Each structure stands twice: as structure tokens, then as C-alpha cells.
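First up is the structure itself, then whatever we jot down about it.
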Amino acid sequence: MSSAPRAVIDLTALRHNLEQVRKHAPRSRILAVVKANAYGHGLFRIVDALGADVDALAVARVGEGVSLRQAGIMSPVVVLEGCIDQQELNLAAGNQLEIVVHNNEQISLLQQNPSSPVACWLKVDTGMHRLGHSVNSALNAYQKLASCKSVLGRPRLMTHFSNADDITDPTTNSQWQLFQKATLEVEAEISCANSGAILGWSETHADWVRPGIMLYGVSPFVNGRPEASDLHPVMSLQSQLIAINHYKKGDAIGYSGTWICPEDMAIGVASIGYGDGYPRHAKSGTPVLLNDQRVPLVGRVSMDMITLDLRTCPQAQVGDPVILWGAGLPVEEIAEAADTIPYQLLCSVTARVDFVEEQ
Ligand SMILES: *Cc1c(COP(=O)(O)O)cnc(C)c1O
């Protein structure tokens, strides 16, 4: 076997997580979020595996939607950022992409639109303060959009929650209340819930749920929560030990010598580094699975390698398998040790890593 790192993608786990979405939101249709190369898992393999079991796909940008169409994928596709100009609008309409409309410029574009009709989702800003029509202008914007000739069918409505990663935070409920108030007089299908709200706020499920991170088997919550305990990680990032060396008490390990051997000991070197997407900020002590046993990373993460304290693994040998995250070692834990979030780690695995599918 080559010593190159691998990302093993478990498609059975993906389908299991999709079932969890259905279990939590049995009356909602599913808009599966596959932006950013399906959170780093590989867009086409994920879309293929989800197949007809989801009702629509969501991407962030028009280009991502176009690549789905170029690959022959015919499912409904929603572009969450919508279009910035006429050229993008033509591209979206020409590829039968559905677009999110979050400001008046986008409504004007549609009013002048010479291209084919396009299905729209009006986005209301209930507190995220990133994209969306204000709560006060939402009704007016909806009426303008609905009367636009180039809008296909009845526009749908959506909002996005800013704090659904914390189940104790009342913000999600206030956003939900604001959304309902703003859209009271509109008869339209609605979508509010991301993964956090799917697991934590069932009242927000409505017509369409928008699961992202939970499909990939990762908890959306900042603190471990039982609500997310039935998810199975889809990605397992793996490599191998390529060297075992013995050093003396006081020897410094790696760049800048940030870690000093507290006694005579063995140090293992695994072939994975920030050039593969392993976080450079992972601290000494971050766990790594070596032969299914946890050992601590020590010293700085290099571009191609990390160093491991082998004191608890005297039988380790060159060639032994190393798991950086996956089943048995949640990416949530690695994210915490690297002061980031699992979303970023999953999106950051680089093209140098071999992706392998497991059914
Ligand atoms: C990314 C995204 C989602 C999915 O969020 P998760 O936390 O990954 O479930 C849903 N809706 C919008 C608008 C998004 O941008």
C-alpha cells in the first residue's frame, strides 16, 4: 500500500445520516446541502449516493450548480447566494437552477430578465445579518417577486439561523417568531432549518429542511449533544507510520523545537500534514488513532508529516495505520484541539489526498 494519506468516504454512513434527517423531520422535504464539494467529501459521489432519496440539492454558487448539470444531474438545484448579474442569471435560468433572491438588485435583474423563467426563493433576514430582505420589507419584496413574469411558479420563502449550533440559545426561537410574523400574509412553501434546527427545534421544520453537516455525520452543536449521537461519520482520514525514532530526554521535536522529550522515548512519524488538510494549529496532545489506540500528537504539524508520542504504544511498527479523524475519533474533537470547527476541517482536505469510497 502507498504511504499517501487517504480519505475513506463511507456511503452507508451517509445514507444512515439521511435516514436520521427523515426520522427527525418526517413531514418535510429535504434540500440536501452539497456546497463546497459536498463539505469536502466529493460532490458527485455524494450526489450519486443520495440519489432520489433527497428532494433537491443546495449549492452556494451558480458555478457549482452548472457543474451538477454538466455531469447530467437533473434534480432540482437551489443556488443559496443567488445571482450577482444578468450573465449569472442567464446561466442559472439556462441550467434550470433555482435561485435565492436576497436583495432588491436581484429583483430588478429578474424584472429586466430577457432569459427563460427561473424558480425563486425569497430570503428573509431574521437576525443572521448576512443576506436577506429585512423583516419589514419582506412582504413587499415577495409581492414584487411573485408578480415578476420571469419568475417560474410561486416563489418560496426562507431564512437562516445564526445560533442553531447552541441548543440553549433563545435566538433561534426569536428568529423563527420573526419569520412567521414577517410572512404571515404570504401563502408559500417555506424553509428555515439547518442541521442544528433539524435536531434541536422541530417547530421550525416546515415544508423544506436544509441539512448540511449532519448528512456528513458530524454534530452541528458546539458542545457534544445527545441529539446528534445517532450520526455516523462519513469521512475517515487515514495514513501510516513511516518512521519510528528514539530520542533522549531533553531532545526537541520538529520545527522550532516546541516539544521537548520528558524522558528517553520513541517518536513516531505519520505521513500527513497541513499540505493534506490536517490543521497546522492542532496542539500537542491532539489525539491520533494508531492501531485503534489513542496517542498524542507532539510538536508542530509540518506540511507532510506529524510526530507522535509512542510511549504508550511500544509495539508500534512502521506501516501501522493511523487515523486522524473518523469512526472512533470524532472530527469534532480534532476541531476543538485546533481551535476551529469540523466544517472547516472537512472542507480543507486537499487534492493530494486519495479519496476512496466504501459502500
Ligand atoms: C450551509 C447552509 C446550510 C446547511 O447548514 P448546516 O449547519 O451544515 O446544516 C443551510 N442553509 C444555508 C442557507 C446554508 O448556507
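Please read all numbers here as calculations on a predicted model, not as lab measurements. Just follow the structure's listing: the first ligand is 1, and inside any ligand the first atom is 1. Throughout, residue positions are numbered sequentially from 1 according to the sequence presented.
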request  = Using only heavy-atom distances, determine whether the side chains of Asp304 and Ser302 contain a donor-acceptor pair under 3.5 Å.
outcome  = no
task = Could you work out the complete set of other residues in the hydrophobic cluster of Val269, with links drawn between I, L, V, M, F, W and Y side chains under 4.5 Å apart?
result = Ile242, Met305
ask   = Distance from Met265 atom CE to Asp251 atom CG, nearest 0.5 Å?
value = 10.5 Å
inquiry  = Test of understanding: with side chain to side chain donor-acceptor pair (under 3.5 Å), list the residues that count as partners of Gln106, not counting sequence neighbours.
reply    = His102
request  = Keeping the roles fixed (side chain from Arg300, backbone from Thr258), state whether a donor-acceptor pair exists under 3.5 Å.
outcome  = no
ask   = Rest of the hydrophobic cluster containing Ile260 (Ile/Leu/Val/Met/Phe/Trp/Tyr, side-chain heavy atoms under 4.5 Å)?
value = none
For ligand 1, list all ligand N or O to protein N or O distances below 3.5 Å, rounded to 0.1 Å.
| from | atom 1 | to | atom 2 | distance (Å) |
| --- | --- | --- | --- | --- |
| ligand 1 | 7 (O) | Tyr343 | OH | 2.7 |
| ligand 1 | 8 (O) | Tyr39 | OH | 2.6 |
| ligand 1 | 8 (O) | Ile213 | N | 2.8 |
| ligand 1 | 9 (O) | Ser195 | N | 2.8 |
| ligand 1 | 9 (O) | Ser195 | OG | 2.5 |
| ligand 1 | 9 (O) | Gly212 | N | 2.9 |
| ligand 1 | 11 (N) | His160 | ND1 | 3.4 |
| ligand 1 | 11 (N) | Arg210 | NE | 2.8 |
| ligand 1 | 11 (N) | Arg210 | NH2 | 3.4 |
| ligand 1 | 15 (O) | Lys35 | NZ | 2.7 |

